[in-house]
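Take a look at the structure below.
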Amino acid sequence: MEIFLDLNRDLNLFFIPRRFFMEEKYSPKGVEDKWQSFWAEHDSFRATEDPEKTKYYLLEMFPYPSGKIHMGHVRNYSIGDVIARFKRMQGFNVLHPMGWDAFGMPAENAAIQNKSHPAHWTYDNIAYMRGQLKRLGLSYDWERELATCDIDYYKWEQQIFLEMYKKGLAYKKVSPVNWCPKCETVLANEQVEDGACWRCDSIVQQKELEQWSFRITAYAQELLDDTYKLAGGWPERVLTMQRNWIGRSVGCEIEFPLENGRSKVKVFTTRQDTLFGATFMSLAAEHPMAAELTTEAQRAEVEAFVEKVKKTDRIKRGSDDLEKEGVFTGSYCINPVTKERMPIYLANFVLMDYGTGAVMAVPTHDQRDFEFASKYGLPLKVVINPEGETLDPATMTEAFTGEGIMVNSGSFDGISNTEAKEKIADYLEAEGIGKKTVNFRLRDWGISRQRYWGNPIPVINCDLCGVVQVPEKDLPVVLPMDAAFTGEGGNPLAQVPSFVNCTCPQCGEAARRETDTMDTFVQSSWYFLRYCSPKFQGGPLNREKVEYWMPVDQYIGGIEHAVLHLLYARFFTKVLRDLGYCNVDEPFSNLLTQGMVIKDGAKMSKSKGNVVDPNALIERYGADTARLFSLFAAPPEKDLDWSDQGVDGSYRFLNRVWRLVFDVLPAVKNAAPADLETLSAEAKNLRRAVHKTIKKVTEDIDGRFHFNTAIAAVMELVNTLQGFEGKTAPENVGVVREAVESVVRLLAPFVPHFTEELWAELGYTGSVEQAGWPGYDAEAVVDEEITVVIQVNGKLRSKLLVAPDVQEETVKQAALADDKIQVFLEGKSVKKVIYVPGKLVNIVVA
RNA sequence: GCGAGAGUGGCGGAAUUGGCAGACGCACCAGACUUAGGAUCUGGCACCGCAAGGUAUAGGGGUUCAAGUCCCCUCUCUCGCACCA
């Protein structure tokens, strides 16, 4: 097939002499190779600090080096490259770096499978993928490239870790984890599928393990507050997700004394207004007081219940509408305001890791408590009535959670429950029963991973001294190259004696090196800062350079990182600020979340067989077409529906532009700029179209990122230009040249190789980027005549061509006199005539 | 269940501030050039109708001279959270 195709093309060359000239045929491969070399030779995208220029830091989320790039990458990086090139053409000093999120489990799995080393696999992949990105013609400053598995990167992270440790921001605690007994490793929640290990299908166990954590909760309030500063720059839904995740709620901590007086149960509630209606107490099964509260008579039942709750894994426990269940402990506490006895239950819906793990149960005003009380026959007491109504506990079928008037609440009766919230809180504080508190849903960030391919946590465990920091002079703790990857026996690091065995820096006795490595989210939490001074050897960050470049002006990536990565990165930036490394509060001023690339209605995946391979695409059409289509088919934030035929269309468009340029080239090559005084009407119209297009494309790209409509506008201009009769007539060549040059410059951010080549053909030396972004002539975009639409009763009936400065009365009269309009006015009376200047006339008749 | 967003031709999508619905592209149809066309060019293309005209932005109601756009209700889909006390 290929041979026939080529043969045909050659015949074509023979029959149409014009095509003898080699340079007239658009051949992406040659053009792209040529300009990629040019950019490399000229260091075209090198970013250097220049206080004279306004900086613009553009960043796309760096990829995991999984092997090869996919269409999602092509889209992500094409979007970023348009902005980078556009801003550069506008004269900004653009920083546009690229690197690799290079630690992670797939490398370790590959090592097990191929009996090789994760480093080899990772660096091989990086080399291959770097080549792929270069073939896309992305304008990165490759001098700043970094991989998070480079010693030169992770050693600085170890230093940061130790500083966090000193400040109490990194600490060790026992926390529950998903544990695969076969792999002998901790699994992340997303690696547990239906309660089984994603790799070996073993049943995942819940285990308590000593884990390293970062105290992100210390920054909960600031992380929440600053989401309001980001409003406008970030999509509202991402901010909402972060706010929900942080989950601040205001309420009270209230203490309920036990009946026996020996101790107290502390609860957190946001509904202290319902305190008088609290008739029993619900505790989490894991609550530390559960055992001591259990009476002998209840022991067997309680233990069976606790066992059952523990068996339900943590994911299932939340998911389904789990039937509310509980068990009576046999003990009672006292409601501190009513002095009534409250039986203490353990309940499966009470979570140990939210609030205090204990809930005061108000069955009349909380739906869960209502269901629980119904099931176990517990007392109901109404303390809030809806306005003008009286609730009867005996006939209630569900809890009343709305607002109303207080009853059965002592001195608080008769006021609204919102008012009572404040008053009861004050009362509790005054009486010493409770205090106002703020509770967060956000929990500390567990960073321990029992894996090899990660950044080693730089501490030593000594039997005598406990946890001891690795002294700064001994950093970095380097991953040993001689670990064995068998897939068995847990963390490979723990099986390298030369790594594990060490001496305690404090007492000099034999000790064991920590073998946990850090979560890969740690590396991606500060890479954007390191890009500012990627080779700096005086510390993690060169403060001066960070101050020049940060914050990132535009960050681009997938919505899947809306919470974790973006929250961790915000947290880490604030920590580095407080450690004195930088002065940045928020790392990303603007965030663009791009949609997925889908095909045939589904996300591209091997199993669906709908994967488009970027290599094949570039091979067949070139990088410019691949970029153009992925930008044209949908606006960035929406999902992109891949269409092979659509790609053809983009390729055809480039060919059309190419032919157009070469068609007019001989005529316009040496054309002088047009004399605006003597232009023909047609030429003037063309020039107006050119400047209107420049205006629209500029506005569509800048801020709005609507590349699809920007490209559509250029297509329209190309269509206009193509239909322009006297393209090569001497009196028009000045305007035609301006038009062609504008098309090339406007397309430059989208299809950079293509436009570089045409720019050179137009007789320029150097990159089209140096020509800068075209500005539009405000005078040229003003219409000489405008179309005013005439409606009768809101329906389009006719159109009118008028001068832009026409008087309202003139237009109205002309509209009423219009032949087509007359027909609709016959036998009716005109009630009103509405004129929207320059747009329409609406004649209201009856 | 709660929260957010979306629903426009055969398809991807336009319509930026309440003012011509369907830009641009794909697919399709017709024609031109051609030994040939999966190249290129010209024209057509929401639906009904011969036409005049009518009907159309998930469905129903409302506000307005005017609604894809604003308000209310319903349906469907996507995403997030999912017993958060």
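Here is the naming used below: chain letters follow the sequence lines, and residue numbers restart at 1 for every chain. Quick note: numbers below take in every heavy atom, side chains included, and nothing from hydrogens, waters or symmetry partners.
Note on Asp818(A) versus Lys820(A): no salt bridge recorded, every NZ/NE/NH1/NH2 to OD/OE distance being 4.0 Å or above. Between Asp819(A) and Arg797(A) no salt bridge is recorded (no basic side-chain N to carboxylate O distance below 4.0 Å). Contact check on Lys436(A) versus Glu253(A) returns no salt bridge, with no Lys/Arg side-chain nitrogen under 4.0 Å from an Asp/Glu carboxylate oxygen. A salt bridge links Lys599(A) to Asp644(A): one of the charged nitrogens lies within less than 4.0 Å of a carboxylate oxygen. Between Glu325(A) and Lys375(A), none of the side-chain N atoms (NZ, or NE/NH1/NH2) sits under 4.0 Å from a carboxylate O, so this pair counts as no salt bridge. With respect to the salt-bridge test (charged N to carboxylate O, under 4.0 angstrom), the residues Asp700(A) and Arg704(A) qualify. The pair Arg237(A)-Glu637(A) does not meet the salt-bridge criterion, since no charged nitrogen lies less than 4.0 angstrom from a carboxylate oxygen.
For the pair Leu351(A) CG and A85(B) P, the interatomic distance rounds to 10 Å; values are reported in whole Å. Between Met241(A) atom CE and U78(B) atom C1' there is a gap of 13 Å when expressed in whole angstrom units. Atom CG of Asn793(A) is separated from atom P of A66(B) by 8 Å (rounded to the nearest Å). Separating the CD1 atom of Ile711(A) from the P atom of G25(B) is a distance of 12 Å, rounded to the nearest angstrom. For the pair Leu283(A) CG and C83(B) P, the interatomic distance rounds to 18 Å; values are reported in whole Å. Between Gln272(A) atom CD and A85(B) atom P the separation is 12 Å, expressed in whole Å. Taking atom CD of Glu253(A) as the reference point, atom C1' of A85(B) lies 13 Å away to the nearest angstrom. To the nearest angstrom, C1' of G1(B) lies 17 Å from CD of Glu323(A).
Taken together, the paired segments of RNA chain B that extend over three or more consecutive Watson-Crick or G-U pairs, each closer than 3.5 Å at both contacts, are B:1-7 with B:75-81, B:10-12 with B:24-26, B:28-32 with B:40-44, B:46-48 with B:53-55, B:58-62 with B:70-74.
For C84(B), one of the phosphate oxygens OP1 or OP2 lies less than 4.0 angstrom from a side-chain nitrogen or oxygen of Arg368(A). An OP1 or OP2 oxygen of C84(B) is reached within less than 4.0 angstrom by no side-chain nitrogen or oxygen of Arg443(A). Between Arg656(A) and G25(B), a side-chain N or O to OP1/OP2 separation shorter than 4.0 Å is present. Between Arg441(A) and A82(B), a side-chain N or O to OP1/OP2 separation shorter than 4.0 Å is present.
As rounded to the nearest Å, A30(B) and U76(B) have C1' atoms that lie 39 Å from one another. Taking the C1' atoms as reference points, C33(B) lies 8 Å from U40(B), given to the whole Å. Distance noted for atom P between U74(B) and C79(B): 23 Å (whole Å). G5(B) and A56(B) have their C1' atoms separated by 25 Å, with the value rounded to a whole Å. Taking atom C1' in both G44(B) and U8(B), the straight-line distance is 22 Å, to the nearest Å. C70(B) and C2(B) are spaced 23 Å apart, taking the P atom of each and rounding to whole Å. Going from the P atom of C45(B) to that of C24(B) covers 12 Å, rounded to whole Å. Nucleotides G49(B) and U55(B) are separated by 16 Å at their P atoms, to the nearest Å.
Positionally, the nearest nucleotide of RNA chain B for Asp648(A) lies more toward the 5' end than for the other of Asp648(A) and Gln722(A). Between Asp366(A) and Asn244(A), the residue whose closest nucleotide on RNA chain B is further toward the 5' end is Asn244(A).
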Item checked: Heavy-atom protein contacts under 4.0 Å, nucleotides 10-19 of chain B, coded B base, S sugar-phosphate only, - none -> --BSSSB--B
Check: Just by protein heavy atoms under 4.0 Å, how would nucleotides 49-56 of chain B read 5' to 3' in B, S and -?
Finding: ----SSS-
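If you check every strand for non-hydrogen atoms under 4.0 Å, Arg237(A) touches sugar and phosphate atoms only. Residue-level contact check: Glu637(A) touches neither bases nor backbone, having no heavy atom under 4.0 Å from any strand. As judged by a 4.0 angstrom heavy-atom cut-off over every strand, Gly649(A) is placed among residues touching the sugar-phosphate backbone only. Within the 4.0 angstrom heavy-atom criterion, base atoms lie near Val789(A).
The base of C65(B) lies outside donor-acceptor range of the side chain of Lys831(A), with no N or O pair under 3.5 Å.
Figure legend: cation-pi geometry between Arg243(A) and Tyr228(A), with NZ or CZ positioned under 6.0 Å from the six-membered ring centre and within 45° of its axis.
At distances below 3.5 Å, at least one donor-acceptor pair connects side-chain atoms of Asn335(A) with backbone N or O atoms of Leu275(A). Asn439(A) places no side-chain N or O within donor-acceptor distance of the main-chain N or O of Ser249(A), the cut-off being under 3.5 Å. A donor-acceptor distance shorter than 3.5 angstrom exists from the side chain of Asn793(A) to the backbone of Val845(A), with no hydrogens or angles considered. The backbone N or O of Ile384(A) sits less than 3.5 Å from a side-chain atom of His365(A), completing a donor-acceptor pair.
Counting heavy atoms of neighbouring residues, nucleotides and ligands inside a 6.0 Å radius, atom NZ of Lys812(A) exceeds 12 of them.
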Next item on the list: Go through the steps for Phe629(A) and Tyr621(A) under the test ring-ring contact (aromatic ring centres under 6.0 Å, His included), then give the verdict.
Entry: CA-CA 11 Å; Phe629(A) 179 71; Tyr621(A) 297 97; 9.6 Å; no
